[in-house]
Amino acid sequence: MFSLELSETHKMIRDMARQFARDEVSPSSIERDIKGEFPTEIVKKMGELGFLGMMVQPEWGGSGMDALSYVLAMEEISAVDASVGVIMSVNNSLVNWGLDTYGTPEQKEKFLKPLATGIVHGAFCLSEPEAGSDATQQHTVAEQTEGGWIINGTKNWITNGTTASTYLVMAQTDRALKHKGITCFIIPRNSPGFEPGLKEDKLGIRSSDTCSIGLTNVFVPDENVLGGVGTGFKIAMESLNGGRIGIAAQALGIAKGAFDAALLYSTQRKAFGKPISELQAIQMKLADMATKIEAARLLVYKAAYLKDQHVSYVKEAAQAKLMASTVSVQVALEAIQIHGGYGYVREYLVERYLRDAKVTEIYEGTSEIQHIVIARSLLKEM
Ligand code: CAA
């Protein structure tokens, strides 16, 4: 039975993440955003604290926690810096999960362990210049050769793209089979012909790195095929189901950060002879913001709960992401409105929440794609 009651362990993880976010992530977050600087030291510390392999068993270097713990930590860290949140989310949901679920013991030893311990971090390469929402249309091609595969193509919008060490790359191995002819390859960064491009200059989540990747005659040995030839699209979609819970938690964190800032500001800023928190116009906004955040939180925790129960969570993950990302943009906008002119300048942080929130409606499946996933699930359930 789904309950919002957190266990002592869950509370401990949430508090640990909150403290880490406050003490380690917050101090340099404005500077990193302005400079677009990757949080190298913070990512290292996240590894030490177990945040980069949260749901991987200790045998493979992880913390052996559940999805709810992951969501709680993601929410706290993203409330302070969503760039750090997405680095953590991609590593946990899109890279570790696939390796953990479909990897051979040798692949886990070689690739998962360093990723889960946080010695290195990873990236997930599905999107292409002409295959974003329409992800089955992969143009990256893998041709069989002696002992392995030769891969050619281009990947786009790759989070952790310039800094990762291990990449999961989807490529077409048999075009006639359409999405059933897509295979997932594990590619180390130093493979000849594997070339991450320049870091994109983004509106938000500016200190995370996003880039395109060129693959020119990249040789990948057979032992680096993940989960069997032709199973790449399935792995990608299943990874994204969990990824969507992670991004929903990131969006929830952004909303919480923006709301907390607006609530505090409303008690400090005076207008018409009293704190603006006593004005009904502001109270209406605060009440709406808090209610929307709570509704989103329920969906996010429920999706994580279902994942932990090992039952289907496809629809619920999409609902959680749709709701939390929408709420996060709305709440960030209202937080700016409550701050007035001060909300429009960098000094007050809330403008960053809006810039960071927007991407949660785009990556790991746009809001429009989430509608499709939800509707198809509803029809399937009939
Ligand atoms: N979970 C499990 N399987 C799924 C699935 C899901 N959520 N969605 C689709 N599938 C399966 C289907 O069951 C089907 O399998 P079978 O043929 O075996 O039955 C197969 O995938 C193809 O599905 P459809 O026939 O429904 O294909 P479609 O082309 O009509 O729609 C889609 C597919 C749902 C639109 C899918 O392409 C999609 O999710 N697109 C969005 C892609 C996305 O989220 N990209 C983000 C990339 S990662 C990123 O953002 C970068 C980053 O670094 C953070």
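For ligands, and for the atoms within them, numbers begin at 1 and follow the listed sequence.
Under 4.0 Å is where a charged nitrogen must lie from a carboxylate oxygen, and between R297 and E75 at least one such pair does. Taking 4.0 Å as the cut-off between side-chain N and carboxylate O, R206 and D356 do not count as a salt-bridged pair. Taking 4.0 Å as the cut-off between side-chain N and carboxylate O, K110 and E106 do not count as a salt-bridged pair. Using a 4.0 Å cut-off between charged nitrogen and carboxylate oxygen, R18 and E76 count as a salt-bridge pair.
Every atom of ligand 1 is numbered from 1 in the order shown, and the set under 4.0 Å from a heavy atom of Y363 is 50 (O). Near S127, meaning under 4.0 Å from one of its heavy atoms, ligand 1 places the atoms 47 (C). Within ligand 1, counting atoms from 1 as listed, the ones closer than 4.0 Å to a heavy atom of A135 are 37 (O), 42 (C). Every atom of ligand 1 with a heavy atom of K180 under 4.0 Å away is listed here by number and element: 16 (P), 17 (O), 18 (O). Which parts of ligand 1 touch F233 is read off a 4.0 Å heavy-atom cut-off, strictly below it: atoms 20 (C), 21 (O), 22 (C), 37 (O).
Ring-plane geometry between F38 and H121 is classed as parallel, the angle between the planes falling under 30 degrees on a 0 to 90 degree scale with a further cut at 60.
Across all non-hydrogen atoms, the minimal contact from S191 to I187 is OG-CG2, 3.5 Å.
Taking distance alone, with nitrogen or oxygen atoms compared against 3.5 Å, L94 stays at or beyond that limit from ligand 1.
Put simply, atom 30 (O) of ligand 1 has protein non-hydrogen atoms near it, under 4.0 Å away. The presence of a protein heavy atom under 4.0 Å from atom 22 (C) of ligand 1 is confirmed.
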From CA spacing to verdict: side chain to side chain contact (heavy atoms under 4.5 Å, CB included), F219, F194: CA-CA 9 Å; F219 174 76; F194 187 84; over 6 Å; no
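In this structure, G132 is part of the shell of residues with a heavy atom less than 4.0 angstrom from ligand 1. Ligand 1 has at least one atom lying under 4.0 Å from a heavy atom of T136. Under a 4.0 Å heavy-atom criterion, R376 is in contact with ligand 1.
E361 places no side-chain N or O within 3.5 Å of a backbone atom of T366 that could act as its donor or acceptor partner. Remark: the backbone N or O of T162 is paired with a side-chain donor or acceptor of D209 at under 3.5 angstrom. The closest donor-acceptor contact from the side chain of N160 to the backbone of A123 lies at 3.5 Å or more, if one exists at all.
Protein heavy atom closest to atom 39 (O) of ligand 1, with residue, atom name and distance, is R244 NH2, 3.2 Å. The protein heavy atom nearest to atom 41 (C) of ligand 1 is S133 O, 3.5 Å. Here the protein heavy atom with the shortest distance to atom 53 (O) of ligand 1 is T159 OG1, 3.0 Å. Nearest to atom 51 (C) of ligand 1 among the protein's heavy atoms is W157 O, 3.5 Å. For atom 15 (O) of ligand 1, the closest non-hydrogen atom of the protein is H179 NE2, 3.8 Å.
Among K315, E364, K380, the residue whose heavy atom lies nearest to atom 50 (O) of ligand 1 is E364. Compare E128, K155, M237 by their heavy atoms: the one nearest to atom 36 (C) of ligand 1 is in M237. If you check each of I235, N241, V314 against atom 1 (N) of ligand 1, the one with the closest non-hydrogen atom is N241.
Within the 4.5 Å cutoff, side-chain heavy atoms of M16 are placed close to those of L49. With a 4.5 Å cut-off on side-chain heavy atoms, S83 and P39 do not count as touching.
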